[in-house]
**Q** 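Structure below; questions to follow.
Within every chain, numbering begins at 1; the chains are lettered A, B, ... in the order of the sequence lines, protein sequences first and strands thereafter.
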Amino acid sequence: MSEKNKEQVIVRFPPSPTGYLHIGGARTAIFNWLFARKHGGKFILRIEDTDVERSTKESIEGIIDGLTWLGIDWDEGPYFQSEFAHEHKAAAERLLKEGKAYKCFCTKEELEAKRKKALSEKRDIKYDGTCRRLSPEEIAEKERQGIPYVIRFKVPEREGKIGYDDKVLGRIEKDYSEIEDFVIVRSNGRPLYLLCNVVDDIRDRITHIIRGQDHMTNTIKQILLYEALGAKPPVFAHMPLTLDLQKRKISKRTHGEVVSVQWYRKMGFIPWALVNYLVLLGWNPGTDQEIFTKEELIQAFSLERINKANSIFNYRKGDPKFFTDPKAISINAWWLRHLPIEEIAEMIKEDFKKEGIWDEAYEGEKREWFLSTLDLIRSRFHTLRDFARLGRAYFADDFEIEQKALKKNMLKHPELKELLPRLGEALEKVEPWNLETTEDAVRAFASEAGVKPGIIINGMRTVITGQLKGPGIFDVMVAIGKERVIRRLKDSPRLFEGTKP
RNA sequence: GGUCCCAUCGUCUAGCGGUCUAGGACGUCGGCCUCUCACGCCGAAAACAGGGGUUCGAGUCCCCUUGGGACCGCCA
């Protein structure tokens, strides 16, 4: 910030721990985090666990784990809203004492009936203020009878409108007369989100609230609370929502794992690639740049460039080719082939162990070979998982032979049953084993045998890697090594077994 | 139903009155490269929701219609 005495930026991410971190929540966290980093401010993680019935420990761990994986770091917290219950209660008491709130003895049943009636009469479903007009005597009487009550905020009786300037949406205003006296404390004495949230934000000195547009209608009420509690409201920025192709809010319940951050980890996403994709949903830098390093993104970010319109998470359930939004995959694939190969190696280590193909030597004497092999095969992969699956033949001998490859490159050319083992023998003489010598040997063999090199090469690829596609065959031969190549070639006739010659 | 928000290619978006015969990206299709596939490169199809204004001039400003979304809980 340019001015010295400008207040420090403090933002927060306040998830309620009732499920796993989903990509919409992660996106909110990312925007807040970027804003804090951009302005040298603070990013606070605050777990809003006041809904005791639905909050779980696993969820809290999942959220923390997800953010950590994404590389979203916070400067304070995690704080737990439940630990500040006394402050929330004190605030409610204070409002009550100052006449800015009142006890409401209406029962849930009465209110429900009124709501239904209002709906059928096509009127606004607003609290009618019955208890606001209670006399002190009536209140005392009801209290004496022990009738349970909630505490409602008393919306000031003022003419005109109250409003605020939303950093994304612009000026938002609402008529005082249209705001209902909302509940701030339950009949069991526990304060509600609207109040807790404001009390916490005041205590944490939050300067900017960046959240989803689904909170927009709460904002006016919260500003009223700030005013009643004698605090200056923060700056608000309401980000567009992320919807599915049917324009419904994305949720784990209807969309499954594809909306959970953890799942992307499981599917082999590079954490930063997911951040990169998510930030582009509803924001752009005003230039054509779409791929950002962390530093570039922090530099480029601004609230002003957040979009007003909701964006769609382009995911088709059951699409065989795209297991999530194609753009997310393409960004992941981009990072997969541009990140330093050492970083990729680090990221796939666990998966290699899980797949039983990890070798400690990959961090020792085979490191150079390991890195160059990863580098060789990365360009056609989309996720980190692909290395241990599609790339298995480079690291182990027990790899699958793709049926398609077998049919197209082997069975169609029965002569390969005899040629490939012979080629294997011929290759034994090749020394040294490099790009030139292997190519010379293979081409010479093909021309001697009177077969097009392509047929030999594609057959080799099938036998050596099990796949239809892959890097140039001579690169493959060098990467896999003389001994293994020859063994696989000699062993190839078995692939013809059970088929007609 | 009420209140509020929103509206450019299939999707993410650029566009802040003339430079828009509307640009980029993903995806799709075609081509080059080539031992295959990918990468890379080249190219194509693909959008201003509709109608009124304002203006010399509107994707850009205003209004209406339509469409979509959010909220309307003693959930957060």
Side-chain angles (χ1 to χ4, degrees), chain A residues 14-18 48-51 53-55 81 104 106-108 111-112 115 118-126 148-152 166 168-170 172-175 178-180 182-188 190-194 196-197 212-218 220 238 240-241 243 245 247-249 277 280-291 307-315 321-322 325-331 333 337 377-382 405 408-409 439 442-443 446 452-462 467-474:
Chain A
S16 57
T18 55
E48 309 231 314
D49 56 348
T50 42
D51 186 353
E53 286 79 26
R54 296 197 300 148
S55 297
Q81 189 164 57
C104 171
C106 298
T107 66
K108 280 184 187 177
L111 293 172
E112 193 50 44
R115 251 182 233 124
L119 205 56
S120 68
E121 289 171 3
K122 303 187 175 183
R123 283 185 293 108
D124 192 5
I125 318 167
K126 228 167 39 188
Y149 60 87
V150 300
I151 299 177
R152 285 182 185 273
D166 194 292
V168 174
L169 266 11
I172 304 289
E173 289 182 329
K174 188 149 183 138
D175 219 280
E178 282 170 356
I179 311 167
E180 74 169 334
F182 52 94
V183 177
I184 54 176
V185 180
R186 297 176 174 93
S187 54
N188 64 10
R190 284 215 308 267
L192 252 8
Y193 160 79
L194 229 39
C196 300
N197 201 242
Q213 276 179 22
D214 48 344
H215 288 280
M216 205 177 36
T217 37
N218 284 333
I220 292 285
H238 287 101
L241 267 18
L243 311 174
L245 280 163
K247 307 213 170 162
R248 296 173 306 186
K249 242 170 121 171
Y277 160 73
L280 257 16
L281 237 40
W283 174 87
N284 75 81
T287 66
D288 285 343
Q289 186 173 5
E290 297 204 307
I291 299 288
N307 249 236
K308 289 183 181 180
N310 292 340
S311 49
I312 289 168
F313 174 56
N314 188 15
Y315 159 68
K321 190 165 176 189
F322 301 110
D325 190 325
K327 188 134 190 173
I329 296 176
S330 88
I331 291 176
R337 47 179 197 272
I377 58 183
R378 81 213 277 202
S379 83
R380 65 221 85 211
F381 292 166
H382 296 105
K408 186 175 174 193
N409 291 336
E439 175 154 12
V442 170
R443 291 197 187 277
K452 275 195 280 185
I455 292 176
I456 297 282
I457 288 171
N458 287 329
M460 285 175 78
R461 190 185 333 275
T462 302
Q467 293 178 341
L468 205 51
K469 0 173 166 173
I473 194 67
F474 308 110

**Q** By side chain to side chain contact (heavy atoms under 4.5 Å, CB included), which residues pair with A:N284, not counting sequence neighbours?
**A**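 A:N284: side chain to side chain contact (heavy atoms under 4.5 Å, CB included) contacts with A:R305, A:N307.
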**Q** Does B:A76 have its OP1 or OP2 closer than 4.0 Å to a side-chain nitrogen or oxygen of A:T50?
**A**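 The answer is yes; a side-chain N or O of A:T50 sits under 4.0 Å from OP1 or OP2.
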**Q** Ignoring the backbone of A:F322, work out which of B:C12, B:G10, B:G27 is nearest its side chain.
**A**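 Out of B:C12, B:G10, B:G27, the nucleotide with an atom closest to A:F322's side chain is B:G27.
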**Q** Is A:N284 near enough to B:A25 that one of its side-chain N or O atoms lies under 4.0 angstrom from OP1 or OP2?
**A**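 So the side chain of A:N284 is outside the cut-off, no N or O lying under 4.0 Å from OP1 or OP2 of B:A25.
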**Q** If the sugar-phosphate is the primed atoms plus P, OP1 and OP2 and the base is the rest, what is the B/S/- string for nucleotides 31-42 of chain B, using protein heavy atoms under 4.0 Å?
**A** ----BBBBSS--
**Q** What's the closest nucleotide to the side chain of A:D288 if the choices are B:G69, B:U11, B:G23?
**A**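 Between B:G69, B:U11, B:G23, the one nearest the side chain of A:D288 would be B:G23.
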**Q** Look only at the side chain of A:N310 and the backbone of A:P240, and say whether a donor-acceptor pair between them is shorter than 3.5 Å.
**A**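 No, A:N310 side chain to A:P240 backbone: no donor-acceptor pair under 3.5 Å.
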**Q** Where do A:F474 and A:I457 land on the side chain to side chain contact (heavy atoms under 4.5 Å, CB included) test, with the steps shown first?
**A** CA-CA 9 Å; A:F474 308 110; A:I457 288 171; 4.1 Å; yes
**Q** Among the candidates B:G27, B:A25, B:C74, find the nucleotide nearest to the side-chain atoms of A:E290.
**A**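 Closest nucleotide among those given: B:A25.
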**Q** Got a sec, which residues hit side chain to side chain contact (heavy atoms under 4.5 Å, CB included) with A:S120, two or more places apart in sequence or on another chain?
**A**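 A:S120: no side chain to side chain contact (heavy atoms under 4.5 Å, CB included) contacts found.
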**Q** Take the protein atom CD of A:E48 and the nucleotide atom C1' of B:C75, then report the distance between them rounded to whole Å.
**A**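 For the pair A:E48 CD and B:C75 C1', the rounded distance is 12 Å.
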**Q** What's the closest nucleotide to the side chain of A:I312 if the choices are B:C12, B:A76, B:C74?
**A**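 Within the option list, the nearest is B:C12.
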**Q** With the side chain of A:S311 defined as its heavy atoms from C-beta on, choose the nearest nucleotide among B:C75, B:G27, B:C12.
**A**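 Minimum distance to the A:S311 side chain belongs to B:C12.
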**Q** If only side-chain N and O atoms of A:R115 are considered, is one of them under 4.0 Å from the OP1 or OP2 phosphate oxygen of B:G73?
**A**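 It does, given that an N or O in the side chain of A:R115 lies less than 4.0 Å from OP1 or OP2 of B:G73.
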**Q** Can you work out whether A:A118 or A:K327 has the more 5'-proximal nearest nucleotide on RNA chain B?
**A**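 Nearer the 5' end of the strand: A:A118.
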**Q** So does A:K126 have more than 12 non-hydrogen atoms from other groups sitting under 6.0 Å from NZ?
**A**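 Above 12, so yes.
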**Q** Please determine, for the side chain of A:R152, which listed nucleotide (B:A14, B:C74, B:U11) has the closest atom?
**A**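 Out of B:A14, B:C74, B:U11, the nucleotide with an atom closest to A:R152's side chain is B:C74.
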**Q** Could you tell me which residues satisfy side chain to side chain contact (heavy atoms under 4.5 Å, CB included) with A:I455, sequence neighbours excluded, listed by chain and number?
**A**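 Here the qualifying residues are A:H413, A:E415, A:L416, A:V451, A:K452.
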**Q** In whole angstroms, how far is the P atom of B:A70 from the NE2 atom of A:H215?
**A**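 Computing the A:H215:NE2 to B:A70:P distance gives 13 Å.
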**Q** If you assign A:L119 and A:S187 each to the RNA chain B nucleotide with the nearest heavy atom, which residue ends up on the more 5' nucleotide?
**A**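 The answer here is A:L119.
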**Q** Under 3.5 Å, which N/O atoms of the protein pair with N/O atoms of nucleotides 5-7 of chain B?
**A**
from: B:C6; atom 1: OP1; to: A:K308; atom 2: NZ; distance (Å): 3.4

**Q** If the threshold is 4.0 Å, N to carboxylate O, is there a salt bridge linking A:R443 and A:E439?
**A**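 So A:R443 pairs with A:E439 through a salt bridge.
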**Q** Which residues pass the side chain to side chain contact (heavy atoms under 4.5 Å, CB included) test with A:H215, not counting sequence neighbours?
**A**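 Partners of A:H215 by the side chain to side chain contact (heavy atoms under 4.5 Å, CB included) criterion, ordered by chain and then number, come out as A:Y193, A:R211, A:N218, A:H238.
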**Q** Using purine N1 to pyrimidine N3 plus N6-O4 or O6-N4 for Watson-Crick, or N1-O2 and O6-N3 for G-U wobble, both under 3.5 Å, which nucleotide pairs with B:U3?
**A**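 Because both required distances fall under 3.5 Å, B:U3 counts as paired with B:A70.
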